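Written below as structure tokens is the structure these notes are about.
Being a predicted model, the structure only gives us computed values, none of them experimental. Below, chains carry the letters A, B, ... as their sequence lines are ordered, and counting in each starts from 1. Values reported hereafter were calculated over all heavy atoms of this structure, with side chains retained and with hydrogens, waters and symmetry mates removed.
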Amino acid sequence: MNKKIKIQFPDGDQREYSKGITPGEIVNQISKGLAKNTIVSKFNDELHDLNRPLEDDGKLLFIGYDDAEGLETYWHSTSHIMAHAIKELFPDAKFGFGPAIENGFYYDIELDKAITPDDLDSIENKMQEIIDRDNIFIRKILNKDEALKLFDEKNEKYKVEHISDLNNRLSIYKEGEFVDLCSGPHVPSTNYIKYFKLLNIAGAYWKGDESRPMLQRIYGISFPKKKQLDDFLEKLEEAKKRDHRKLGKELDLFTINDEIGAGLILWHPKGALMRKIIEDFWRDAHLKRDYELVFTPHIARLNLWDKSGHLDFFAENMFAPLDMENVKYQIKPMNCPFHLAIYKSQTRSYKDLPIRWAELGTVYRYERSGVLHGLMRVRGFTQDDAHVFCRQDQLQQEILNCLDITTFVLHSFGFDKYEVYLSTRPEKFVGTEENWDKATTALKNALEEFNLDYEIDPGEGVFYGPKIDIKIKDVLERSWQCSTIQVDFNEPERFNITFRGQDGFDHQPIMIHRALMGSLERFFGVLIEHYGGAFPIWLSPLQVVVLPITDNQHEYAKEIELQLKKADIRVKIDDRNEKIGYKIREAELQKIPYMLVIGDAEVNNKKVAVRKRREGDQGAFDLTTFIERISSEIENKSE
RNA sequence: GCCACCAUAGCUCAGAUGGUAGAGCAACUGAUUUGUAAUCAGUCGGUCGCGGGUUCGACUCCUGCUGGUGGCUCCA
């Protein structure tokens with residue numbers, strides 16, 4: 001009757017227990033300390049509730065709060081408690097999905113009444129009540145019919161629909177009076193949830209499908225320790241402070257204007273100056289790497305876009321055509337057809353390849369109004385675009401070159417952490433499987449030769465070719481899609497571009513599209529957030545501000561300004577009739593890298609009193625020493 | 001595009017239950033000549049996003065647009 005099971009632990013230790021013992025009981029026997037930090041277990045590599053009995057021999061591992069899977073369980077249980085609270089407050093609520101996500105959890109709810117921020121408070125209060133009840137999470141297995149019956153009785157139509165898609169053996173969890181369909185696992189009881197907060201309310205389509213009903217989604221977060229919650233909320237605050245839309249206004253970099261149009265950016269002088277610096281750097285980097293620059297128009301005849309295929313697969317992202325003298329023109333959403341036209345302007349030899357053409361090409365795309373977001377998602381933007389035309393035997397080297405220039409440029413802007421994805425052939429594709437395989441192998445080899453860690457996104461390539469996407473991680477560990485390197489089998493075919501081979505026959509070159517920063521607008525937005533507006537000195541629109549203390553130092557201040565200008569340093573004098581503290585405060589808020597405070601002492605000693613942004617007074621220096629110092633900082637692109 | 005919320009001076013925001021608006025900062029003028037994150041005083045500044053409607057009367061209520069925010073969907 002009282003059967004024994006053999007449990008093996010990660011340290012190799014093996015013990016016997018009565019069948020039906022729970023991982024929770026085991027961990028309590030092993031060590032109170034370990035038990036205290038354990039939230040869930042893993043039995044034979046599957047997550048397993050602490051109070052779910054063990055029926056067989058196997059390997060057992062305890063998972064703590066600091067483990068990603070532990071936190072996931074924690075969040076998932078919190079989302080159940082939230083649903084329970086909502087059900088108690090709004091008995092008509094019907095539930096969709098309620099998973100743990102990267103940072104916290106959500107639950108999708110159908111409810112006639114719109115949930116307001118005030119409701120979140122009462123839901124939180126109710127959640128605390130449920131937590132205080134310390135209900136145990138009880139797992140139960142049902143077959144499909146039982147589950148359908150149960151949730152049908154509860155009028156949970158979304159659960160019923162979901163059950164229909166599932167296997168026959170289903171688990172449900174009960175906690176107090178609240179029952180939910182769930183594969184688990186959960187924390188042992190509701191009281192395990194200590195600190196939580198509901199963050200925001202949003203709409204979300206059932207099963208992410210636009211054609212299905214829209215549910216209300218509540219996002220939340222929870223942690224076992226108060227400090228963790230506080231840190232998390234602080235990080236959200238920090239992100240808010242760095243918001244490029246806020247900083248863009250405060251630093252007078254750019255605006256978006258109602259009358260101009262949504263998603264269209266006005267670059268103010270300071271932003272435009274930064275853009276010029278970025279562009280100059282970019283052009284320079286390309287010329288040094290044997291790219292050539294081209295310029296192309298903003299519109300072209302509509303036929304071009306028919307030929308390129310964009311009307312077939314990109315039409316919904318294009319602005320409507322213009323009609324002039326019975327000819328239709330299209331504002332360009334892409335630059336590639338123009339580069340192809342340049343390619344075709346003469347016969348190309350195998351000796352000409354590779355050809356590398358780069359353009360800061362401004363494109364316009366119709367994005368649905370709801371997706372627009374500051375500089376990150378706009379309707380008019382400038383791609384740092386380039387197209388490489390090469391032979392098959394050159395492909396891998398060209399990809400390698402692309403990776404090299406990409407990482408060089410990203411690194412120069414202070415981005416050292418990337419997430420790299422290789423997207424392979426999707427179900428619908430053009431070109432031959434053989435070419436796809438060759439190109440994918442070339443991309444893969446290049447990534448490996450370049451020593452970049454990457455993940456494969458199977459089937460996520462665009463229909464015209466495989467691609468490498470590089471997401472950069474900013475200082476807050478958020479990732480942004482900027483760079484992309486894409487092989488294209490479509491357009492060379494459609495435009496029938498060729499080169500004359502050594503064998504005297506015409507061959508089709510391979511075309512690579514690539515963008516490093518992606519769009520200047522988005523990249524600028526990422527830069528603003530990455531640096532929180534405190535740009536490294538080489539990018540700062542204003543590098544030095546001279547702050548005379550009284551009118552008496554104006555002459556000397558002008559002399560300093562002149563010397564700095566001679567050294568190509570961007571400098572201004574703040575000669576307003578204000579106290580020095582006021583001028584400093586303003587310069588700090590404008591995040592100007594260096595302030596030179598000039599009083600009588602500096603005039604008399606021929607010095608400058610250097611104040612560094614955020615760091616404060618650095619003491620007095622000779623002007624030449626100061627110029628040398630910051631010139632080298634500018635040269636080295638250091639912060 | 002969809003769901004929810006929001007739109008008051010250049011900026012940040014206040015303005016129960018309908019009676020044509022107020023602060024701080026900025027700007028301007030003056031005083032002050034100041035030593036490392038806000039000197040003082042005065043002045044100017046708003047058809048309350050735009051268009052309809054209800055009402056004797058609308059910033060306030062209803063409605064349609066436009067734009068924004070948080071998400072969803074989409075994202076070459």
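B:A41 and B:C5 are spaced 43 Å apart, taking the P atom of each and rounding to whole Å. Nucleotides B:G68 and B:A26 have their C1' atoms positioned 23 Å apart, rounded to a whole Å. B:G49 sits 31 Å from B:U29 when the P atoms are compared, rounded to a whole Å. Straight-line distance between the C1' atoms of B:C65 and B:A7: roughly 14 Å, to the nearest whole Å. On the C1' atoms, B:C48 is 4 Å away from B:U8, given to the nearest whole Å. On the P atoms, B:C2 is 23 Å away from B:A76, given to the nearest whole Å. Straight-line distance between the P atoms of B:A16 and B:C11: roughly 22 Å, to the nearest whole Å. Comparing the C1' positions of B:G57 and B:U47 gives an interatomic distance of 16 Å, to the nearest angstrom.
At the heavy-atom level, A:Y464 lies under 4.0 Å from base atoms of the strands shown. At a threshold of 4.0 angstrom between heavy atoms, the contacts of A:R611 include nucleobase atoms, whether or not backbone atoms are also involved. A:E250 comes within 4.0 angstrom of nothing in the nucleic acid, heavy atoms only. Residue-level contact check: A:A587 touches neither bases nor backbone, having no heavy atom under 4.0 Å from any strand. In this structure, A:I549 reaches the bases: a heavy-atom distance under 4.0 Å links it to at least one base atom across the strands shown. Note on A:G208: only backbone sugar-phosphate atoms sit closer than 4.0 angstrom, heavy atoms only; bases stay farther off.
The existence of a salt bridge linking A:K157 and A:E161 is excluded, since no basic side-chain nitrogen approaches an acidic carboxylate oxygen closer than 4.0 Å. Taking 4.0 Å as the cut-off between side-chain N and carboxylate O, A:R245 and A:D243 count as a salt-bridged pair. Ion pair A:K471/A:D469 not flagged as a salt bridge, since none of the NZ, NE, NH1 or NH2 atoms sits closer than 4.0 Å to an Asp/Glu carboxylate oxygen.
Shown here, B:U12 forms a base pair with B:A23; the pair counts as Watson-Crick or G-U wobble because both key distances fall under 3.5 Å. Across all strands shown, the partner of B:C40 is B:G30, judged by Watson-Crick or G-U wobble contacts whose two distances both fall under 3.5 Å. Look at B:G46: it lacks any Watson-Crick or wobble partner with both distances under 3.5 angstrom. Base pairing annotation: B:U17 forms no Watson-Crick or G-U wobble pair, as no partner gives both donor-acceptor distances under 3.5 Å. Pair assignment for B:A7 gives B:U66, based on Watson-Crick or G-U wobble hydrogen-bonding distances that are each under 3.5 Å.
The base of B:U73 is paired with the side chain of A:R368 by a donor and an acceptor separated by under 3.5 Å. With hydrogens and angles left out, the side chain of A:R377 and the base of B:C74 share a donor-acceptor pair within 3.5 Å. Residue side chain A:E602 reaches the base of B:G35 through a donor-acceptor N/O pair under 3.5 Å, judged by distance alone. Side-chain atoms of A:D551 and base atoms of B:U33 include a donor and an acceptor less than 3.5 Å apart.
Side-chain atoms of A:H554 and A:D575 include no donor-acceptor pair closer than 3.5 Å. Side-chain contact, A:H339 with A:T296: no donor N or O sits under 3.5 Å from an acceptor N or O.
Aromatic pair A:F495/A:Y343: ring centres not closer than 6.0 Å. Note: A:F523 and A:W480 fail the aromatic proximity criterion, with ring centroids not under 6.0 Å apart.
Residue A:Y366 has a polar side-chain atom (N or O) positioned under 4.0 Å from OP1 or OP2 of B:G1. A sub-4.0 Å separation between OP1 or OP2 of B:G1 and a side-chain N or O of A:S369 is present. The shortest distance between the side-chain N/O atoms of A:Y594 and the OP1/OP2 oxygens of B:U36 is not below 4.0 Å. Proximity of A:R245 to the phosphate of B:U69: a side-chain N or O atom is located under 4.0 Å from OP1 or OP2. Dashed line: the shortest gap from a side-chain N or O of A:H373 to OP1 or OP2 of B:G70 is under 4.0 Å.
Residues A:T406 and A:I468 are not in side-chain contact: their nearest non-hydrogen atoms beyond the backbone lie 4.5 Å or more apart. The side-chain heavy atoms of A:D108 and A:Y158, taken from C-beta on, include no pair separated by under 4.5 Å.
Side-chain atoms of A:A262 lie closest to B:G68 of the nucleotides B:A76, B:C72, B:G68. Distance from the side chain of A:M214 is smallest for B:C72 among the nucleotides B:U66, B:C72, B:U39. Comparing B:U39, B:G35, B:G71 by their nearest atom to the side chain of A:A609 picks out B:G35. Checking B:U36, B:A76, B:U73 against every side-chain atom of A:R365, the shortest atom distance belongs to B:A76.
Across A:H76, A:H162, A:H80, a single residue satisfies ring-ring contact (aromatic ring centres under 6.0 Å, His included) together with A:F97, and that is A:H162.
Comparing A:A204 and A:V597 by the nucleotide of RNA chain B that holds the closest heavy atom to each, the one mapping nearer the 5' end is A:V597. Nucleotides of RNA chain B nearest to A:Y582 and A:D600 differ in position, and the one nearer the 5' end is that of A:Y582.
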Are there any protein N/O atoms within less than 3.5 Å of an N/O atom in nucleotides 11-17 of chain B, and if so, which ones and at what distance?
| unit_1 | atom_1 | unit_2 | atom_2 | d |
| --- | --- | --- | --- | --- |
| B:U12 | OP1 | A:K249 | NZ | 3.4 |

